[in-house]
Asker: 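Mind looking over this structure? Questions follow.
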Amino acid sequence: MRLGDKIKDRRLELRLTQDQVAQELYISRQTLSNWENNKTLPDIQSLISLSDLYGLSLDELIRNDKRLQKKIKIKDNFEDIVMYLGCIMVPISVIFLSGFLSILVSSAGVLCILLSKDIAENLKKLFTN
């Protein structure tokens, strides 16, 4: 069962309206509706708040929702991957390349290191949409 279905079913079991839950979580009713209809996914803080409000563990909420698990995994790994790539590019360019190509690749590596967070955000958008 997907996350949206779980949170909608649990809300109905608890006899809560979308407005009540939205007020409790400090979100709009439309945001909750989008989550319940599997149009968008909540951030981790909202998941924790839902877990607390609904009396469900985080494991119960996200288990079997592959889309959410993939999103969480991608968020955790992209920045590290970009950083490691930059760390590998610099010494390889100095050791194995020469001239302009060495400067170009080592500069790209340094940019990967310095901008890893921004690059990771763009990669996440590319791969999660």
Asker: Decide if atom CD of Glu24 counts as having more than 12 heavy atoms of other residues, nucleotides or ligands within a radius under 6.0 Å.
Answerer: no
Asker: Is the side chain of Arg11 donor-acceptor paired with the backbone N or O of Leu16 at a distance under 3.5 Å, no angle test?
Answerer: yes
Asker: Got a donor-acceptor contact below 3.5 angstrom from the Ser51 side chain to the Leu56 backbone?
Answerer: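 Here the side-chain-to-backbone pair exists.
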Asker: Do Leu32 and Leu58 land in one hydrophobic cluster if side-chain heavy atoms of ILVMFWY residues count as linked below 4.5 Å?
Answerer: yes
Asker: Let me check something: do Leu14 and Ile48 share a hydrophobic cluster, defined by ILVMFWY side-chain heavy atoms less than 4.5 Å apart, either directly or through other members?
Answerer: yes
Asker: Hey, is the main chain of Met89 close enough, under 3.5 Å, to the side chain of Ser93 for a donor-acceptor pair?
Answerer: yes
Asker: Which value, rounded to the nearest 0.5 Å, describes the distance between Met83 atom CE and Lys117 atom NZ?
Answerer: 11.0 Å
Asker: Do Phe100 and Val94 land in one hydrophobic cluster if side-chain heavy atoms of ILVMFWY residues count as linked below 4.5 Å?
Answerer: no
Asker: SG/Cys87 to CD1/Ile92 distance, rounded to the nearest 0.5 angstrom?
Answerer: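 It is 11.0 Å, given to the nearest 0.5 Å.
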Asker: So which heavy atom on Leu41 is nearest to which on Trp35, and how close?
Answerer: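 Closest approach of Leu41 to Trp35, heavy atoms only: C-NE1, 3.7 Å.
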Asker: For residues Pro42 and Leu50, report the shortest heavy-atom separation together with the two atoms involved.
Answerer: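 Looking at all heavy atoms of both residues, the closest pair is CG-CD1, 4.4 Å.
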Asker: Kindly compute the distance separating OG (Ser28) from CG (Leu25), expressed to the nearest 0.5 Å.
Answerer: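 Between atom OG of Ser28 and atom CG of Leu25 there are 11.0 Å.
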Asker: Evaluate Ser49 against Asp52 for side chain to side chain donor-acceptor pair (under 3.5 Å), listing each step before the verdict.
Answerer: CA-CA 5 Å; Ser49 297; Asp52 292 341; 5.7 Å; no
Asker: Do the side chains of Asp43 and Ser46 get nearer than 4.5 Å, heavy atoms only?
Answerer: yes
Asker: Quick check: does any side chain N or O of Asn34 sit under 3.5 Å from a backbone N or O of Thr40, one acting as donor and the other as acceptor?
Answerer: no
Asker: Side chain of Asn37, backbone of Lys39: donor and acceptor closer than 3.5 Å?
Answerer: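 The answer is no, because no donor-acceptor pair under 3.5 Å joins these two groups.
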Asker: Quick check on the hydrophobic clustering: are Val105 and Ile81 connected, directly or via other members, by side-chain heavy-atom contacts under 4.5 Å?
Answerer: no
Asker: Do Ile103 and Leu114 share a hydrophobic cluster (ILVMFWY, side-chain heavy atoms under 4.5 Å, transitive)?
Answerer: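 No, Ile103 does not connect to Leu114 through the hydrophobic network.
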Asker: Do you know which two heavy atoms are closest between Arg29 and Gln18, and how far apart they sit?
Answerer: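 Smallest heavy-atom distance, with atoms named: NH1-OE1, 2.9 Å.
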Asker: Could you tell me the separation between the CZ atom of Arg2 and the CD1 atom of Ile62, rounded to the nearest 0.5 Å?
Answerer: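 Taking CZ in Arg2 and CD1 in Ile62, the distance rounds to 14.5 Å.
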Asker: Identify which one of Leu61, Leu47, Leu53 satisfies the side-chain contact (heavy atoms from CB on, under 4.5 Å) criterion when paired with Ile7.
Answerer: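 Looking at Leu61, Leu47, Leu53, the match for Ile7 under the side-chain contact (heavy atoms from CB on, under 4.5 Å) is Leu61.
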Asker: If you round to the nearest 0.5 Å, how far is OG of Ser106 from CD1 of Ile95?
Answerer: 12.0 Å
Asker: Can you measure from CG (Asp118) to SG (Cys112) and round to the nearest 0.5 angstrom?
Answerer: 11.5 Å
